[in-house]
Amino acid sequence: MIQKKYILPLLLFIQIIVLKIASFFPEFIEKCYSNGLYPIISKISRTTFGFTSVSIGDIIYGIVLFLVFRWFWKVRKTWKINWKDNVLKVLSFVSVFYFLFHFLWATNYHRVKLYEKLEINKEYSIEELEAFTLKMIEKTNTIHKQITQNDSVKVIVPYSTQEIFDLSVKSYTSLEKEFSFFGYEKESIKPSLISVPLSYMGFGGYLNPFTNEAQVNDCLPKYNFPTTTLHEMAHQIGYASESEANFIGFLASVKSDDIYFQYSGYSFAVKHCLRNLERIEEGSSEKFLPFINPGVLENFEESKQFHEEHKTFLEPIFKTFYDNFLKLNKQKDGLEGYSKFVGLMIGMERK
């Protein structure tokens with residue numbers, strides 16, 4: 001008979017094997033988990049934790065981290081003698097964490113790819129990217145001019161954080177009319193209690209998979225805020241891929257009735273198009289800069305300054321960790337996947 005202390009560590013390895021096998025059957029995961037079990041789990045989670053504007057998930061993380069560090073401190077002198085029992089306890093904790101993480105949300109990493117669901121070809125040529133970049137610049141310039149009436153003035157979003165959250169829910173209502181599988185219910189969107197640390201780590205927000213709260217860094221420049229919020233909401237409705245969440249956030253932004261949301265979405269697209277051009281050939285984005293309104297470039301500079309002000313040695317450490325985490329979860333491009341949604345945008349445009 002297996003001793004109790006071996007059960008959870010053994011279950012960890014069984015879970016890893018089962019999930020690896022299940023990942024070869026995305027249609028099964030799409031039907032039974034992403035469109036079956038997960039909507040029930042997420043609805044319960046958002047109903048349970050969405051009643052307050054306080055981030056319950058951040059508090060839980062804080063408590064768990066405190067208990068973990070406290071345990072390591074208590075057993076720090078026992079590793080030479082009891083190293084085996086200590087390792088088993090660590091593996092037991094990881095086993096429970098791994099189960100909850102995938103049961104409550106992360107199995108969505110293995111669902112059917114969105115480009116297959118939408119029946120679009122996400123591959124594109126450099127010519128298509130350049131043409132699409134010009135189109136996004138034109139859209140951004142037009143909306144920018146409508147808002148400011150002056151092409152040299154940056155856009156200042158007049159909404160509070162809560163107003164943006166409320167408008168974000170309405171944006172998904174508009175998006176659902178065209179794509180039924182992007183429906184959003186039971187709001188649970190919150191400014192993160194750790195927004196300042198997130199800024200120094202280089203993140204705009206995150207989804208707490210254990211409480212299904214969309215956590216948004218409310219230190220961000222406001223013009224970025226709508227698309228970032230919509231990105232985290234895309235994770236809430238079961239799209240784990242960062243590129244897919246970016247794409248859904250973009251769609252929800254530009255299909256919104258609100259002009260500030262449209263500006264956030266189109267300017268977001270321009271930045272990523274320019275980044276993709278740079279990845280293909282360094283310096284290739286520079287020829288597009290003269291076509292962008294000076295006021296739009298002021299907003300881009302605002303984002304750049306925010307990043308520079310919060311840049312520390314910690315950012316590359318956290319981003320390396322997250323990059324590898326994404327790669328372990330079938331996102332082979334890691335953090336570069338954030339800009340891969342450009343292919344989805346071009347593919348949708350091509351349809």
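Heads up: numbering here begins at 1 and tracks the sequence.
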Less than 4.5 Å apart, any side-chain heavy atom of [X] and any of [Y]?
{"X": "Glu128", "Y": "Glu349", "result": "no"}
{"X": "Tyr260", "Y": "Ile164", "result": "no"}
{"X": "Asp58", "Y": "Glu213", "result": "no"}
{"X": "Val169", "Y": "Met233", "result": "yes"}
{"X": "Ile248", "Y": "Leu114", "result": "yes"}
{"X": "Val196", "Y": "Cys219", "result": "yes"}
{"X": "Phe165", "Y": "Phe225", "result": "yes"}
{"X": "Ser174", "Y": "Asp257", "result": "yes"}

Derivation and outcome, side chain to side chain contact (heavy atoms under 4.5 Å, CB included), residues Phe181 and Asn35: CA-CA 9 Å; Phe181 42 81; Asn35 291 310; 5.7 Å; no

Quick check, are the ring centers of Phe210 and Phe97 under 6.0 angstrom apart?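 Yes: the rings meet the under 6.0 Å criterion.
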
Salt-bridge test for Lys5 and Asp85: reply yes if a basic N is under 4.0 Å from a carboxylate O, no otherwise.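 Judged by the 4.0 Å cut-off on N to carboxylate O distance, Lys5 and Asp85 do form a salt bridge.
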
Strictly below 4.0 Å, N to O, side chains only: are Glu244 and Lys122 in salt-bridge contact?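 A salt bridge is absent here (no side-chain N lies under 4.0 Å from a carboxylate O).
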
Linking I/L/V/M/F/W/Y whenever their side-chain heavy atoms sit closer than 4.5 Å, directly or via other members, would [X] and [Y] fall into one cluster?
{"X": "Ile194", "Y": "Leu67", "value": "no"}
{"X": "Ile346", "Y": "Leu134", "value": "yes"}
{"X": "Ile156", "Y": "Val296", "value": "no"}
{"X": "Val153", "Y": "Ile143", "value": "no"}
{"X": "Val64", "Y": "Val94", "value": "yes"}

Positive for side chain to side chain contact (heavy atoms under 4.5 Å, CB included) with Leu193, one of Ile56, Asp218, Leu198, Ile59: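 The option that passes is Ile59.
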
With a 3.5 Å cut-off and no angle check, do the side chains of [X] and [Y] form a donor-acceptor pair?
{"X": "Asn212", "Y": "Ser42", "answer": "no"}
{"X": "Ser303", "Y": "Asn224", "answer": "yes"}
{"X": "Ser199", "Y": "Asn217", "answer": "yes"}
{"X": "Ser264", "Y": "Thr227", "answer": "yes"}
{"X": "Gln236", "Y": "Ser188", "answer": "no"}

Does the [X] side chain pair with the main chain of [Y], one donor and one acceptor, at a distance under 3.5 Å?
{"X": "Glu123", "Y": "Gly343", "result": "no"}
{"X": "Tyr98", "Y": "Gln15", "result": "no"}
{"X": "Tyr33", "Y": "Phe103", "result": "yes"}
{"X": "Thr107", "Y": "His102", "result": "yes"}
{"X": "Tyr6", "Y": "Leu88", "result": "no"}
{"X": "Ser171", "Y": "Leu167", "result": "yes"}
{"X": "Glu278", "Y": "Gly283", "result": "yes"}
{"X": "Ser192", "Y": "Gln215", "result": "no"}
{"X": "Arg111", "Y": "Ser34", "result": "no"}

Assess whether atom [atom1] of [X] is packed by more than 12 heavy atoms of other residues, nucleotides or ligands within 6.0 Å.
{"X": "Glu282", "atom1": "CD", "result": "no"}
{"X": "Gln146", "atom1": "CD", "result": "yes"}
{"X": "Lys89", "atom1": "NZ", "result": "no"}

Ring pair (Phe, Tyr, Trp, His ring centres under 6.0 Å) partner of Tyr239, the single match among Phe182, Phe179, Phe341, Trp105: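 Of Phe182, Phe179, Phe341, Trp105, ring pair (Phe, Tyr, Trp, His ring centres under 6.0 Å) with Tyr239 is met by Phe182 alone.
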
May I have the step-by-step check of side-chain hydrogen bond (donor to acceptor under 3.5 Å, both in side chains) for Gln162 and Asp166, ending in yes or no? CA-CA 6 Å; Gln162 188 56 51; Asp166 293 339; 3.0 Å; yes

Taking the inter-plane angle between the rings of Phe101 and Tyr109 on a 0 to 90° scale, is it parallel (under 30°), tilted (30 to 60°) or perpendicular (over 60°)?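 Tilted: the ring planes of Phe101 and Tyr109 meet at 30° to 60°.
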
Parallel under 30°, tilted from 30 to 60°, perpendicular over 60°: which one fits the rings of Trp79 and Trp71?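 Ring orientation of Trp79 relative to Trp71: perpendicular.
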
For a salt bridge (Lys or Arg N to Asp or Glu O under 4.0 Å) check, start with the C-alpha distance between Lys222 and Glu302, then their side-chain angles and the critical distance, and finish with the verdict. CA-CA 10 Å; Lys222 266 286 171 53; Glu302 182 182 7; over 6 Å; no

How many angstroms lie between atom [atom1] of [X] and atom [atom2] of [Y], to the nearest 0.5 angstrom?
{"X": "Asp258", "Y": "Glu163", "atom1": "CG", "atom2": "CD", "value": "10.0 Å"}
{"X": "Glu281", "Y": "Leu277", "atom1": "CD", "atom2": "CG", "value": "9.5 Å"}
{"X": "Leu230", "Y": "Ile189", "atom1": "CG", "atom2": "CD1", "value": "8.0 Å"}
{"X": "Leu11", "Y": "Phe99", "atom1": "CG", "atom2": "CZ", "value": "10.0 Å"}

Quick check with a 6.0 Å cut-off and a 45 degree axis cone: is Arg76 positioned over the face of Trp73's six-membered ring?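 Arg76 over Trp73 ring: yes.
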
As a quick check of understanding, evaluate side chain to side chain contact (heavy atoms under 4.5 Å, CB included) for Tyr266 and Ser253, giving each step before the final call. CA-CA 8 Å; Tyr266 282 119; Ser253 297; over 6 Å; no

Please report the shortest heavy-atom distance between Lys190 and Val54, naming the atom on each side.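 For Lys190 and Val54, the tightest heavy-atom pair comes out as NZ-O, 3.0 Å.
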
Could you give me the CA-CA distance, side-chain angles and deciding distance for Ile292 and Thr140, then say whether side chain to side chain contact (heavy atoms under 4.5 Å, CB included) is met? CA-CA 8 Å; Ile292 304 174; Thr140 304; over 6 Å; no

Can you check side chain to side chain contact (heavy atoms under 4.5 Å, CB included) on Val75 and Asn82, steps first, answer last? CA-CA 9 Å; Val75 303; Asn82 297 324; over 6 Å; no

Check against side-chain hydrogen bond (donor to acceptor under 3.5 Å, both in side chains), Glu138 and Asn141: CA-CA 5 Å; Glu138 183 181 346; Asn141 285 345; over 6 Å; no

